[in-house]
Q: 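Could you have a look at this structure, given as structure tokens, before my questions?
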Amino acid sequence: MKFSKQREMIYNQVMNFPVHPTADQVYTALKADNPNLSLGTVYRNLNQLSELGMLLKIRIADGSDRFDGRTDAHYHMVCDKCTQVFDVELSELDSLNDIVAEKYGHQLTIVTLNLNGICCDCRKNEQN
């Protein structure tokens, strides 16, 4: 796949974004310096980059998909208050493929797990 200037810009924006952004957030962050950029171009490129395995597409129930530059095996927590998506390391689930294979005979190819809760910042704000 050809890596156009726009695709590279979109990819870099996700890689450098402090949280897992939506397509709208990527578009908003880039639009001021790139007036010819369209929202459709952002969506198309994000989806293509995720199909190529360069970005991880995080499907959020009742919300917009998020994009993650980290493509290794890890999990996510979605804050019910601020809707930010956070990486969660759960080494306890590293053997999940072995457990499913042993118990059911299935082989997992992809595991997606989104945890919902309230992030530490929102919890602090509730206590104040």
Side-chain angles (χ1 to χ4, degrees):
M1 169 184 271
K2 183 180 173 192
F3 224 69
S4 68
K5 180 184 175 201
Q6 285 185 327
R7 183 169 292 132
E8 183 175 359
M9 177 179 55
I10 292 165
Y11 176 77
N12 288 334
Q13 185 64 37
V14 173
M15 296 302 288
N16 296 315
F17 216 81
V19 296
H20 298 28
T22 64
D24 288 336
Q25 289 171 317
V26 172
Y27 173 73
T28 300
L30 295 173
K31 182 64 177 168
D33 293 333
N34 304 279
N36 293 328
L37 183 67
S38 72
L39 183 57
T41 297
V42 172
Y43 271 99
R44 186 172 44 261
N45 279 282
L46 288 171
N47 285 315
Q48 288 173 344
L49 289 165
S50 67
E51 288 168 9
L52 290 170
M54 296 178 70
L55 295 177
L56 182 63
K57 184 183 213 177
I58 307 165
R59 299 188 188 282
I60 305 296
D62 302 326
S64 297
D65 292 338
R66 304 296 183 103
F67 294 88
D68 188 352
R70 193 174 154 200
T71 59
D72 63 316
H74 66 286
Y75 307 96
H76 297 97
M77 193 207 81
V78 182
C79 180
D80 294 333
K81 298 276 185 186
C82 66
T83 70
Q84 287 192 69
V85 178
F86 302 90
D87 288 336
V88 177
E89 302 297 329
L90 294 171
S91 60
E92 298 83 358
L93 295 178
D94 288 348
S95 61
L96 189 59
N97 192 26
D98 295 335
I99 293 168
V100 170
E102 184 178 312
K103 190 169 183 175
Y104 300 102
H106 306 310
Q107 180 180 353
L108 302 178
T109 55
I110 297 173
V111 175
T112 57
L113 174 64
N114 290 340
L115 307 166
N116 282 69
I118 301 172
C119 72
C120 59
D121 289 337
C122 289
R123 288 183 64 213
K124 283 181 204 171
N125 291 336
E126 284 183 344
Q127 295 172 354
N128 292 332

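In what follows, every heavy atom counts, from backbone to side chain, and hydrogens, waters and symmetry copies are set aside.
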Q: Give, for atom CD of E8 and atom NZ of K5, the distance between the pair rounded to the nearest 0.5 Å.
A: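 Between atom CD of E8 and atom NZ of K5 there are 9.5 Å.
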
Q: If you take all heavy atoms of N34 and L30, which pair is closest and at what distance?
A: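 In terms of heavy atoms, the two residues are closest at ND2-O, 2.8 Å.
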
Q: Give the minimum heavy-atom separation between M54 and Y11, together with the two atoms involved.
A: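 So the two residues come closest at O-CE1, 3.6 Å.
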
Q: If you look at every heavy atom in M15 and G69, which pair is closest and at what distance?
A: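 For M15 versus G69, the nearest heavy atoms are SD-CA, 3.3 Å.
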
Q: Counting N and O atoms only, with roles assigned by atom type, does the side chain of S95 sit under 3.5 Å from a partner on the main chain of D98, one being a donor and the other an acceptor?
A: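 Not at all, since once roles are kept as given, no pair shorter than 3.5 Å links the two residues.
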
Q: Between M77 and C79, is any pair of side-chain heavy atoms under 4.5 Å apart?
A: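 The answer is yes; the side chains approach within 4.5 Å.
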
Q: For residues L46 and I60: do they belong to one hydrophobic cluster (side chain heavy atoms under 4.5 Å, members Ile, Leu, Val, Met, Phe, Trp, Tyr)?
A: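 Different clusters: L46 never reaches I60 through Ile, Leu, Val, Met, Phe, Trp or Tyr contacts under 4.5 Å.
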
Q: Just wondering, do V88 and L115 contact through their side chains at under 4.5 Å, heavy atoms?
A: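 With C-beta onward as the side chain, the pair touches.
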
Q: Answer yes if F86 and Y75 sit in the same cluster of Ile, Leu, Val, Met, Phe, Trp and Tyr residues linked by side chain heavy atoms under 4.5 Å apart, and no otherwise.
A: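 Yes; Y75 is reachable from F86 via cluster members.
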
Q: Taking atom CZ of R59 and atom OG of S64, what is their separation to the nearest 0.5 Å?
A: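 That separation rounds to 12.5 Å.
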
Q: Check whether any side-chain heavy atom of F67 sits under 4.5 Å from a side-chain heavy atom of V26, and report yes or no.
A: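 They are not in side-chain contact.
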
Q: Taking atom OH of Y104 and atom CD1 of I99, what is their separation to the nearest 0.5 Å?
A: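 Here the rounded value is 10.5 Å.
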
Q: Do D68 and D87 make a side-chain contact, defined as non-hydrogen atoms from C-beta onward lying under 4.5 Å apart?
A: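 Touching, per the 4.5 Å side-chain cut-off.
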
Q: So, taking the atom named CG in N45 and the one named CE in M9, what distance separates them when rounded to the nearest 0.5 Å?
A: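 It is 8.5 Å, given to the nearest 0.5 Å.
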
Q: Are V19 and V78 grouped together when hydrophobic residues (ILVMFWY) are joined by side-chain heavy atoms under 4.5 angstrom apart?
A: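 Cluster IDs for V19 and V78 differ.
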
Q: State yes or no: do I58 and L52 share one hydrophobic cluster built from I, L, V, M, F, W and Y residues joined by side-chain heavy-atom distances below 4.5 Å, directly or via other members?
A: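 No; L52 is not reachable from I58 via cluster members.
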
Q: Mind listing the closest non-hydrogen atom pair of H20 and Q25 along with its distance?
A: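 Heavy atoms only, the tightest pair is O-OE1, 4.1 Å.
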
Q: Are there over 12 heavy-atom neighbours, none belonging to Q107, within less than 6.0 Å of that residue's CD?
A: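 Counting neighbours around CD of Q107, 12 or fewer heavy atoms of other residues, nucleotides or ligands fall under 6.0 Å, so no.
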
Q: Among the clusters formed by ILVMFWY side chains lying less than 4.5 Å apart, do L55 and L113 turn up in the same one?
A: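 Hydrophobic grouping puts L55 apart from L113.
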
Q: Using a 3.5 Å distance criterion without hydrogens, assess whether the side chain of N116 forms a donor-acceptor pair with backbone atoms of D80.
A: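 A pair under 3.5 Å: no.
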
Q: Out of curiosity, R70 CZ to L56 CG, how far, rounded to the nearest 0.5 Å?
A: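 Going from CZ on R70 over to CG on L56, the span is 10.0 Å.
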
Q: So Y43 and T22, do their side chains get closer than 4.5 Å, heavy atoms only?
A: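 The answer is no, as the side chains (C-beta and beyond) never meet within the 4.5 Å cut-off.
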
Q: More than 12 non-hydrogen atoms from neighbouring residues, nucleotides or ligands closer than 6.0 Å to NZ on K31, yes or no?
A: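 Yes.
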
Q: State the OH-OG1 distance between Y27 and T41, to the nearest 0.5 angstrom.
A: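 Rounded to the nearest 0.5 Å, the OH-OG1 separation comes out at 9.5 Å.
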
Q: Measure the shortest side-chain to side-chain distance between R66 and T83 over non-hydrogen atoms and say whether it is less than 4.5 angstrom.
A: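 Of all side-chain heavy-atom pairs linking T83 with R66, at least one is under 4.5 Å.
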
Q: Tell me whether the rings of H76 and H74 are parallel (<30°), tilted (30 to 60°) or perpendicular (>60°).
A: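 Geometry flag for H74 against H76: perpendicular rings.
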
